[in-house]
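Structure record follows, encoded as structure tokens.
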2 protein chains.
Amino acid sequence: MRPQLGKDKILQAALSLFAQNGYHKTSMNEIAKGAGVSKGLTYNYFESKQALLLAIIEQASKKMFDVAEKMSTPSDYKSMLKIFLDQYFLFLKNNKKYLSFQLSLLFQPDLKKIVEGPLQQRAERLLSNTVIMFREAGASNPDLTARRFMSELDGIALHNLSVFKDYPLDEMHTQLFDNYKDLK
Amino acid sequence: MRPQLGKDKILQAALSLFAQNGYHKTSMNEIAKGAGVSKGLTYNYFESKQALLLAIIEQASKKMFDVAEKMSTPSDYKSMLKIFLDQYFLFLKNNKKYLSFQLSLLFQPDLKKIVEGPLQQRAERLLSNTVIMFREAGASNPDLTARRFMSELDGIALHNLSVFKDYPLDEMHTQLFDNYKDLK
DNA sequence: TCAATATGACTGATCAGTCGGTCAATTAAT
DNA sequence: ATTAATTGACCGACTGATCAGTCATATTGA
């Protein structure tokens with residue numbers, strides 16, 4: 001059987017265009033053109049535009065799970081914290097467009113329905129990993145500490161991605177580490 | 001001159017529909033119908049759909065500035081903090097749909113261009129108010145403290161609005177106050 | 001009568017999704 | 001080994017629906 005050369009190209013092109021111009025502003029024709037294939041082929045692999053979106057999210061979620069696994073390599077608290085923060089801020093810097101796209105999905109009612117399943121799963125998993133980290137560090141209330149930690153991280157991501165100019169990302173990174181390295 | 005009964009109804013209907021179904025999924029026909037008015041009248045008051053969106057954002061920004069002013073009533077730090085947090089969490093509870101809508105605008109490239117001006121202004125203002133609060137409280141680095149404080153708040157808002165189920169909003173509220181009432 | 005408010009049928013563009021089909025490569029039958 | 005049958009990757013013109021925006025016209029109040 002001939003290899004499915006097109007399918008992957010379509011996924012890549014769609015992700016790139018969705019992230020750049022938004023879901024609603026990207027037509028299936030553009031995606032096909034971007035992938036160097038016909039529209040028909042696109043519909044041969046994906047039932048609908050929404051199905052294509054879901055496929056993208058599931059693919060990206062898998063990649064992020066892999067990154068999250070790196071964190072859970074058992075070691076002492078301070079190292080885990082450092083690894084986690086380094087990974088998080090690195091990802092933040094390298095994936096601004098994709099992260100914006102993902103956030104846009106969560107706040108558009110029609111798209112939220114499609115993607116909330118996989119995204120929820122990913123978020124809960126990340127949170128529970130963080131709880132474990134703080135529990136091993138001997139936090140008095142690891143659950144709450146994890147919630148606040150993740151809130152602050154995601155808040156930083158939000159500010160960095162949205163309205164604030166010249167966001168001091170590196171400064172926030174070092175500050176966070178200093179703040180959390182010795183648990184109160 | 002007859003009063004512009006229609007204009008306000010159009011703004012209200014548009015805000016409500018945008019927040020409920022998203023900008024792209026809301027047609028000008030729906031808005032007109034929702035306002036009990038013809039489509040032609042809508043275009044009599046607003047040049048385009050984008051202009052209507054901008055008008056909504058500017059209107060809403062004014063309302064939020066008023067809320068922000070309440071915070072800056074001069075008093076002791078602990079009272080200011082309490083008032084600010086109470087206002088913030090109250091707003092969070094009462095305006096979930098609108099906040100989601102506003103966030104969706106910031107992350108859709110085509111819409112971001114339209115709304116980022118007013119929203120940026122509002123965000124910077126809120127941040128600088130917070131800096132003042134922490135400076136008066138004698139924080140060693142009020143600028144950074146304010147940044148982290150706002151990050152955590154907006155991160156909580158993000159988590160509450162997006163993927164997490166059964167978010168413990170009230171618990172976070174009291175925790176934050178306890179944490180910040182005596183500055184480290 | 002002048003000007004503002006208001007109408008809704010209409011237009012042109014765009015877009016998601018369809019469908020009849022081509023062709024190269026594999027498989028099976030002779 | 002040659003050919004016939006079958007598969008599925010791939011194409012792009014087309015359709016039906018939707019939608020932003022227009023305009024000729026009507027209504028109403030000052």
Side-chain angles (χ1 to χ4, degrees), chain A residues 1-59 101 104-105 108-115, chain B residues 1-59 101 104-105 108-115:
Chain A
M1 210 194 307
R2 275 150 71 218
Q4 297 182 171
L5 294 170
K7 191 170 181 178
D8 210 57
K9 281 215 211 128
I10 292 165
L11 281 167
Q12 271 180 255
L15 172 57
S16 165
L17 286 166
F18 283 163
Q20 188 146 69
N21 306 323
Y23 177 83
H24 291 290
K25 281 283 167 186
T26 303
S27 72
M28 293 298 271
N29 264 315
E30 283 177 283
I31 292 169
K33 186 163 274 184
V37 301
S38 70
K39 182 146 65 145
L41 188 64
T42 306
Y43 278 94
N44 186 49
Y45 292 124
F46 304 99
E47 266 202 332
S48 63
K49 195 182 179 185
Q50 293 195 352
L52 174 55
L53 173 63
L54 190 58
I56 287 173
I57 291 299
E58 275 167 350
Q59 199 191 38
F101 169 57
S104 81
L105 298 177
Q108 294 179 78
D110 56 323
L111 303 179
K112 182 169 185 173
K113 284 174 207 145
I114 306 172
V115 302
Chain B
M1 210 193 310
R2 276 152 74 216
Q4 296 183 171
L5 294 169
K7 192 170 180 176
D8 210 58
K9 280 214 215 132
I10 293 164
L11 281 168
Q12 271 180 254
L15 172 56
S16 165
L17 286 166
F18 283 162
Q20 188 146 68
N21 305 324
Y23 177 82
H24 290 290
K25 281 283 168 187
T26 303
S27 72
M28 293 299 270
N29 263 315
E30 283 177 284
I31 292 170
K33 187 163 274 185
V37 127
S38 71
K39 181 151 61 150
L41 189 63
T42 305
Y43 277 93
N44 186 49
Y45 292 123
F46 305 98
E47 265 202 334
S48 64
K49 194 183 179 184
Q50 293 196 350
L52 174 55
L53 173 62
L54 191 58
I56 287 173
I57 292 298
E58 275 166 352
Q59 198 191 39
F101 169 57
S104 81
L105 297 176
Q108 292 178 81
D110 56 322
L111 303 179
K112 181 169 186 172
K113 285 174 206 146
I114 307 172
V115 302

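We name chains A, B, ... by the order of the sequence lines, and we start the count at 1 in each one.
- In this structure, Leu105(B) CG and Lys113(B) NZ are separated by 13.5 Å, a value rounded to the nearest 0.5 Å.
- Partners of Glu47(B) by side-chain contact (heavy atoms from CB on, under 4.5 Å), not counting sequence neighbours, listed by chain and number: Ala51(B).
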Which pairs would a plain distance check flag for residues 30-42 of chain A, meaning a side-chain donor or acceptor within less than 3.5 Å of a matching protein atom at least two apart in sequence or in another chain?
residue, atom, partner, partner atom, Å
Glu30(A), OE1, Ser27(A), N, 2.9
Glu30(A), OE1, Ser27(A), OG, 3.4
Ser38(A), OG, Gly40(A), N, 3.4
Ser38(A), OG, Leu41(A), N, 3.2
Thr42(A), OG1, Ser38(A), O, 3.3

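- Partners of Ile114(A) under the side-chain contact (heavy atoms from CB on, under 4.5 Å) rule, at least two apart in sequence or in another chain, are Gln50(A), Leu53(A), Leu54(A), Leu111(A).
- The distance between atom CD1 of Ile10(B) and atom C1' of dT5(C), rounded to the nearest whole Å, is 11 Å.
- Leu11(B) places a side-chain heavy atom less than 4.5 Å from the side chain of Gln59(B).
- Rounded to whole angstrom, the span from the NZ atom of Lys7(B) across to the P atom of dA6(C) amounts to 12 Å.
- One finds the CD1 atom of Ile56(B) at 6.0 Å from the CZ atom of Phe101(B) (value rounded to the nearest 0.5 Å).
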Residues 17-26 of chain B, side-chain donor-acceptor partners within the protein, below 3.5 Å, at least two apart:
residue, atom, partner, partner atom, Å
His24(B), NE2, Asp110(B), OD2, 3.1
Thr26(B), OG1, Leu17(B), O, 3.3
Thr26(B), OG1, Gly22(B), O, 2.7

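- The CG atom of Asn44(B) sits 9.5 Å away from the NZ atom of Lys7(B) when rounded to the nearest 0.5 Å.
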For nucleotides 11-18 of chain C, list the nitrogen or oxygen atoms of the protein found under 3.5 Å from its nitrogen or oxygen atoms, one pair per line.
residue, atom, partner, partner atom, Å
dA16(C), OP1, Thr26(A), O, 3.4
dA16(C), OP1, Lys49(A), NZ, 2.8
dA16(C), OP2, Met28(A), N, 2.8
dA16(C), N7, Lys39(A), NZ, 3.1
dG17(C), OP2, Tyr43(A), OH, 3.1
dG17(C), OP2, Lys49(A), N, 2.9
dG17(C), N7, Lys39(A), NZ, 2.9
dG17(C), O6, Lys39(A), NZ, 2.5

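- Atom C1' of nucleotide dC10(D) and atom CZ of Phe46(A) are separated by 14 Å, given to the nearest angstrom.
- Direction change of the helix axis from one end of the helix from dT1(C)-dA30(D) to dT30(C)-dA1(D) to the other is 10°, with five pairs defining each end axis (rounded to 10°).
- Between the NZ atom of Lys33(B) and the C1' atom of dG8(C) there is a distance of 11 Å, given to the nearest Å.
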